[in-house]
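In what follows, a single structure is set out as C-alpha cells and then discussed.
The structure presented is a predicted model; accordingly, all values stated were derived computationally and were not measured.
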Amino acid sequence: MTASVENKLGGHGRGALWLIALMLVGSAFVRFGAGPAAAIAREIESPPEMSVESPETPDISPQLVELLEQVRAREAALLEREAEMQARQQMLTLVEAEVTADIERLKSAEEALRSTMATADKAAETDIARLTSVYENMKPDQAAALFQRMKPSFAAGFLARMRADAAANILAGLEPDLAYSISVVMAGRNADVAREPVPE
C-alpha cells in the first residue's frame with residue numbers, strides 16, 4: 001500500500017514539478033525576453049531628455065572683471081573723444097575755408113585799393129605838377145600874394161618843385177617872417193635826405 005501511495009504521489013509530484021518548472025521558465029522568458037524589448041520600445045517611443053549643458057566656464061576673479069570694466073570704459077571714452085575730435089576737425093575745416101575766402105577777398109580789396117590809391121596819387125601828382133607850373137608862370141607879385149595866405153609847410157612843397165629862379169622871385173615878394181619859416185621847412189626836408197659821401 002505504501003508503494004502504491006508513493007507511486008501515486010510520485011506521479012502527481014513529478015507532474016506538479018513539471019508544471020512549476022514550466023511556469024518558472026515562462027516567467028523567466030517574459031522577464032528576460034520581453035523585458036529588454038519593451039524597454040527598448042519605451043526608449044524609442046519616449047527618448048530621454050538630454051540636457052545640453054553649457055561648457056563650463058572658468059571662474060573669473062573680481063579683479064579681472066573690474067579690469068575688463070575699466071577697459072570697456074576707456075574704450076567708450078576713446079570713442080567719444082574720437083567723435084569730438086572729428087567734429088572739431090570738421091569745424092576747423094569750415095573755419096579754415098572761411099578764413100581762406102576772407103583772405104582772398106582782402107587781397108582783392110587790397111589790390112583794388114592799391115590801384116585806386118595809385119590812380120589817386122598819379123592824379124594828385126599831375127594836379128600838383130600842373131599847379132606848380134601855373135605858379136611858376138605867374139607874375140612874382142601875384143604868386144607871392146597867394147603864397148602869403150598858405151601855411152609854411154604847404155608853400156614849401158610848391159616852392160621845392162619850382163625852378164630856382166621862380167621860387168626865389170616868389171620868396172622875395174613874401175613877408176620876411178613867412179619867407180624865413182618857408183626856408184626853414186625846406187631846409188629841414190633837405191636835411192632829412194641821406195647824402196652820399198663826397199669823394200676826396
| query | At what distance, to the nearest 0.5 angstrom, does CG of Leu64 lie from CD of Glu69? | reply | 10.5 Å

| remark: To the nearest 0.5 Å, atom CZ of Arg74 lies from atom CZ of Arg81 at 11.5 Å

| said: Looking at Ser115 and Glu111, would you say the former's side chain and the latter's main chain have a donor-acceptor pair under 3.5 Å? | reply: no

| query | Between Asp141 and Lys139, does at least one N-O distance fall below 4.0 Å, as a salt bridge requires? | reply | no

| query | Looking only at heavy atoms, what is the nearest atom pair of Ser183 and Ala179, with distance? | reply | OG-O, 2.8 Å

| query | Are Val184 and Met162 in one and the same hydrophobic cluster, where Ile, Leu, Val, Met, Phe, Trp and Tyr link if side-chain heavy atoms are under 4.5 Å apart? | reply | no

| task | Give the minimum heavy-atom separation between Glu136 and Arg161, together with the two atoms involved. | result | OE2-O, 3.8 Å

| request: Evaluate whether atom CD of Glu96 has more than 12 neighbouring non-hydrogen atoms of other residues, nucleotides or ligands under 6.0 angstrom away. | output: no

| Minimum heavy-atom distance between Ala167 and Leu159, given as atom pair plus value | CB-O, 3.8 Å

| said: Using every non-hydrogen atom in the two residues, find where Met138 and Ala143 come nearest and quote the distance to one decimal. | reply: CE-N, 3.9 Å

| Separation between CG of Leu178 and CZ of Arg149, rounded to the nearest 0.5 Å | 12.5 Å

| Going through the checks in order, is the side chain to side chain contact (heavy atoms under 4.5 Å, CB included) test met by Phe158 and Ile170? | CA-CA 11 Å; Phe158 283 107; Ile170 294 174; over 6 Å; no

| remark: With sequence neighbours left out, the residues meeting side chain to side chain contact (heavy atoms under 4.5 Å, CB included) with Glu110 are Arg114

| said: I'd like to know if the side chain of Gln148 reaches the main chain of Glu175, judged simply by a donor and an acceptor atom lying under 3.5 Å from each other, with no hydrogens or angles considered. | reply: yes

| message | Quick check: closest heavy atoms across Leu174 and Ala144, and the distance to 0.1 Å? | response | CD2-O, 3.2 Å

| Side-chain touch Asp127/Arg130, heavy atoms, less than 4.5 angstrom | yes

| message | Let's go through Glu75 and Arg72 carefully: what are the C-alpha distance in whole Å and the side-chain angles of both, what is the deciding distance for salt bridge (Lys or Arg N to Asp or Glu O under 4.0 Å) to 0.1 Å, and is it a yes or a no? | response | CA-CA 5 Å; Glu75 183 179 2; Arg72 290 176 182 173; over 6 Å; no

| query | Would Ile103 and Val95 show up in the same hydrophobic cluster when neighbours are defined by side-chain heavy atoms closer than 4.5 Å? | reply | yes

| said: Can you confirm whether Leu78 sits close enough to Glu82 that some side-chain heavy atom of one is under 4.5 Å from a side-chain heavy atom of the other? | reply: no

| Joint cluster assignment, Phe147 & Leu131, ILVMFWY side-chain distance < 4.5 Å | yes

